[in-house]
Amino acid sequence: GVRVFEGINFLSRKPLMTDAEMDQMHERARIAGLYPYGASPEQMHYVEHTPPGWAPVDNAAQRFWKKIGLDKLLALVESGTHSILEDSVKN
C-alpha cells in the first residue's frame, strides 16, 4: 500500500501544558510502545494551535462529518483509549 501520513499526535484537553504534563504524555507513549514510531521527545515538535476562546470551526466539511456520526465514533474511541493510557502512568 501507499503510506499517505505517518505521525503521532499528542492531544490534550488543555490549551497549554507544563513540561511535567508533556513528560507524562511521553511516558504513556513509551509504555504503549510508540517510541519507535516517532513519539520520543527527540523526535517530536510542538504545533501551534488556535488560541483558547476562538469560535469552533463550522463549515461544510465539519457538518458532513457530524451528519454521518464521525464525531460520536471519535468520542467513543477516545473515551476507551484515553483512560487506558492515562491509567498506565501514575501522576
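Heavy-atom basis, side chains included; hydrogens, waters and symmetry copies ignored. Note that this is a predicted model, so its numbers are computed, not measured.
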Min side-chain heavy-atom separation Glu27-Ile31 under 4.5 Å
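Answer yes - side chains close enough.
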Side chains of His26 and Met44: closer than 4.5 Å at any heavy-atom pair?
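Yes. Closest side-chain heavy atoms under 4.5 Å.
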Measure the [atom1]-[atom2] distance between [X] and [Y] for me, rounded to the nearest 0.5 Å.
{"X": "Lys72", "Y": "Trp65", "atom1": "NZ", "atom2": "CH2", "answer": "15.0 Å"}
{"X": "Leu73", "Y": "Ile68", "atom1": "CG", "atom2": "CD1", "answer": "9.0 Å"}
{"X": "Arg28", "Y": "Leu34", "atom1": "CZ", "atom2": "CG", "answer": "12.0 Å"}
{"X": "Tyr35", "Y": "Gln43", "atom1": "OH", "atom2": "CD", "answer": "9.0 Å"}

Take atom CG in Asp19; do more than 12 heavy atoms of anything else shown fall under 6.0 Å from it?
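Not buried by this count: 12 neighbours or fewer within 6.0 Å.
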Look at the side chain of Glu21 and the backbone N and O of Thr18, then say whether any donor-acceptor pair between them is shorter than 3.5 Å.
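Side chain of Glu21 to backbone of Thr18: a pair is present.
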Apply side-chain contact (heavy atoms from CB on, under 4.5 Å) to residues Met17 and Met25 and explain how you reach the verdict.
CA-CA 10 Å; Met17 295 178 62; Met25 289 185 97; 3.1 Å; yes
Among residues at least two apart in sequence or on other chains, which ones pass side chain to side chain donor-acceptor pair (under 3.5 Å) with Asp58?
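By the side chain to side chain donor-acceptor pair (under 3.5 Å) rule, Asp58 matches Arg63.
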